[in-house]
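Just follow the structure's listing: the first ligand is 1, and inside any ligand the first atom is 1.
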Amino acid sequence: MEYRDLKKQYQVLKADIDAGITDCCTKAQFIGGAPVKELEQQLAEYCGVKHCISCANGTDALQLPLMVWGIGAGDVVFVPDFTYFSSGEVVGAVGATPVFVDVDPATYNMDPVKLGKAIEKVLSDGKYTPKAVIAVDLFGLPADFDAIRPICKKYGLYLLEDGAQGFGGELHGAKACSFGDISTTSFFPAKPVGCYGDGGAIFTNNDEWADLLRSYAVHGKGADKYDNIRIGMNSRLDTVQAAVLKVKVKAFSDYELADINKVAKLYTELFEGTDLVLPFIPDDYLSSWAQYTVRLPKSVDRADLQAKLKEKGIPSMIYYKKPMHKQGAFAGTYSENADCPVTDEICDTVLSLPLDPYKTEADVKAVVEAIKAYL
Ligand SMILES: *Cc1c(COP(=O)(O)O)cnc(C)c1O
């Protein structure tokens with residue numbers, strides 16, 4: 001069994017994907033061009049946001065807004081302690097200081113109450129200036145924007161939605177990547193919508209930020225690309241990736257998102273009554289299921305379970321083993337001794353299971369039976 005079966009997906013979408021790639025090669029169109037423009041329009045429409053700016057990957061997609069907002073030395077950006085490294089890395093990359101905030105034990109997303117406390121602590125310490133919050137839509141579930149947005153407003157902080165895993169998710173019927181002042185996603189192959197290499201996108205309704213994002217993403221360009229008015233970076237989405245993504249986004253919105261929800265629902269039904277802590281999707285939320293992550297009882301030897309599953313041909317992954325504040329890269333920083341007991345605990349017990357829209361009932365049953373037998 002594949003963890004996320006991109007080979008099977010390719011067989012289904014092969015004719016259209018091959019045609020898109022061949023067209024780029026035939027026209028020798030590798031940077032920019034119609035596929036990139038059309039994809040940006042398709043993505044903006046799908047997410048219900050005015051501007052979509054494609055870029056080279058989901059990490060640049062997070063860093064570029066911080067550059068647009070002029071965030072740097074002396075500034076603090078609040079980031080969940082339980083996330084992929086990039087969410088905190090970009091804060092350090094612009095010279096600012098990440099402050100890691102513990103997560104909710106049911107949704108694994110940033111705990112808004114603890115966010116409020118973290119902001120108050122930074123203010124009372126008086127060493128740094130709070131500037132922004134990066135709210136991550138972890139495992140496909142949008143963050144608690146109903147609670148986080150008013151906190152950002154109260155303290156005058158920018159809200160950056162890291163939708164790298166959240167693309168396709170919903171809150172109150174609105175799509176992920178529409179909840180931040182600026183929102184971002186990643187098209188890394190294993191994400192809910194992936195390309196055939198690296199790719200990313202940035203979303204905003206703000207015209208001025210959209211212009212600045214396009215400038216920073218292409219060497220700080222001014223009126224034309226040989227007029228460079230600020231220090232930016234080289235972060236474009238390749239035309240070939242855009243051609244692949246046009247096909248993938250359509251399949252995702254036509255049926256993949258619905259199908260992966262069915263697969264996840266089946267997991268949850270079949271695991272009912274076990275000692276596992278199952279994913280929790282609050283009312284009025286839709287997950288795009290970047291991961292199906294369970295929590296094992298503390299008594300279970302996770303490495304041994306993974307080895308036994310592997311013997312049966314069942315892959316599993318651990319997202320994430322280490323809290324952000326314990327990553328070596330942040331040693332000696334303000335957040336080194338962050339108090340995040342929930343993250344500490346879940347890092348030791350989470351296990352993510354094989355999941356994609358093409359998994360069959362038999363696939364899911366095989367995984368569930370193997371885990372039940374072990375427990
Ligand atoms: C994957 C991921 C990123 C980074 O995306 P890349 O395209 O790999 O640079 C950022 N944040 C989160 C939460 C992610 O899962």
Side-chain angles (χ1 to χ4, degrees), residues 3-4 6 39 43 52-67 77-94 98 100-101 103-104 107-110 132-145 148 159-169 176-177 179-180 182-203 213 217 233-238 241-242 244-245 248-249 287-293 317-325 327 329-330 343 346-347 350 352 355-356:
Y3 182 76
R4 191 166 189 104
L6 297 174
L39 174 73
L43 291 168
C52 169
I53 299 98
S54 60
C55 64
N57 56 69
T59 306
D60 288 356
L62 287 169
Q63 185 174 332
L64 286 160
L66 300 181
M67 293 167 80
V77 178
F78 299 88
V79 178
D81 198 37
F82 189 58
T83 181
Y84 181 63
F85 185 61
S86 291
S87 315
E89 180 181 32
V90 293
V91 178
V94 299
F100 298 112
V101 178
V103 298
D104 181 286
T107 64
Y108 306 134
N109 281 329
M110 183 186 267
V133 173
I134 298 181
V136 178
D137 303 333
L138 203 74
F139 300 153
L141 182 71
D144 187 353
F145 291 102
I148 292 173
L159 176 54
L160 178 56
E161 176 189 7
D162 179 353
Q165 300 181 19
F167 189 85
C177 300
F179 301 123
I182 299 179
S183 302
T184 68
T185 197
S186 161
F187 301 119
F188 182 83
K191 306 282 172 164
V193 174
C195 58
Y196 286 172
D198 280 306
I202 312 171
F203 301 84
L213 286 165
M233 55 165 90
N234 175 16
S235 188
R236 290 176 293 234
L237 179 73
D238 295 342
Q241 301 303 345
V244 170
L245 283 166
K248 293 257 212 149
V249 171
S287 177
S288 60
W289 295 103
Q291 303 295 338
Y292 189 94
T293 301
M317 307 287 273
I318 298 172
Y319 299 120
Y320 295 94
K321 257 190 189 136
K322 212 186 235 191
M324 291 290 277
H325 76 273
Q327 292 287 0
F330 301 116
T343 302
I346 61 188
C347 284
V350 282
S352 301
L355 180 70
D356 62 63

**Request:** Test Asp144 against Thr107 for side-chain contact (heavy atoms from CB on, under 4.5 Å), laying out the working first.
**Result:** CA-CA 9 Å; Asp144 187 353; Thr107 64; over 6 Å; no

**Message:** Ring-plane angle category for Tyr320 and Phe139, please: parallel below 30°, perpendicular beyond 60°, tilted otherwise.
**Reply:** parallel

Taking distance alone, with no angle check, do [X] and ligand 1 share an N/O pair under 3.5 Å?
| X | result |
| --- | --- |
| Ser186 | yes |
| Gln165 | yes |
| Gly58 | yes |

**Request:** Decide if the gap between the ring center of Phe179 and the ring center of Phe203 is smaller than 6.0 angstrom.
**Result:** no

**Item:** Working for side-chain contact (heavy atoms from CB on, under 4.5 Å), residues Phe145 and Leu159
**Value:** CA-CA 10 Å; Phe145 291 102; Leu159 176 54; 3.9 Å; yes

**Message:** Main chain of Leu141, side chain of Asn109: is a donor-acceptor contact present, judged purely on distance under 3.5 Å?
**Reply:** yes

**Message:** As an exercise, state the distance from NZ of Lys191 to OH of Tyr84, rounded to the nearest 0.5 Å.
**Reply:** 7.0 Å

**Asked** Would Ser87 count as a contact of ligand 1 if the rule is a heavy atom under 4.0 Å away?
**Response** yes

**Atom of Val94, atom of Met67 and distance for their closest heavy-atom approach** = CG1-CG, 4.1 Å

**Prompt:** Numbering the atoms of ligand 1 from 1, which are under 4.0 Å from a heavy atom of Val136?
**Reply:** 13 (C)

**Numbered atoms of ligand 1 (with element) below 4.0 Å of Thr83, judged on heavy atoms** = 13 (C)

Considering non-hydrogen atoms of the protein only, which is the closest contact for [atom], and what is the distance?
| atom | value |
| --- | --- |
| atom 9 (O) of ligand 1 | Thr59 OG1, 2.5 Å |
| atom 2 (C) of ligand 1 | Lys191 NZ, 2.5 Å |
| atom 11 (N) of ligand 1 | Asp162 OD2, 2.7 Å |

**Residue among Thr59, Asp60, Asn57 satisfying side chain to side chain donor-acceptor pair (under 3.5 Å) with Ser235** = Asp60

**Side chain, backbone, both or neither: the part of Asp60 lying under 4.0 Å from ligand 1 by heavy atom** = neither

**Asked** Just going by heavy-atom distances, which of Gly194, Ala164, Ser86, Cys195 is nearest to atom 4 (C) of ligand 1?
**Response** Ser86

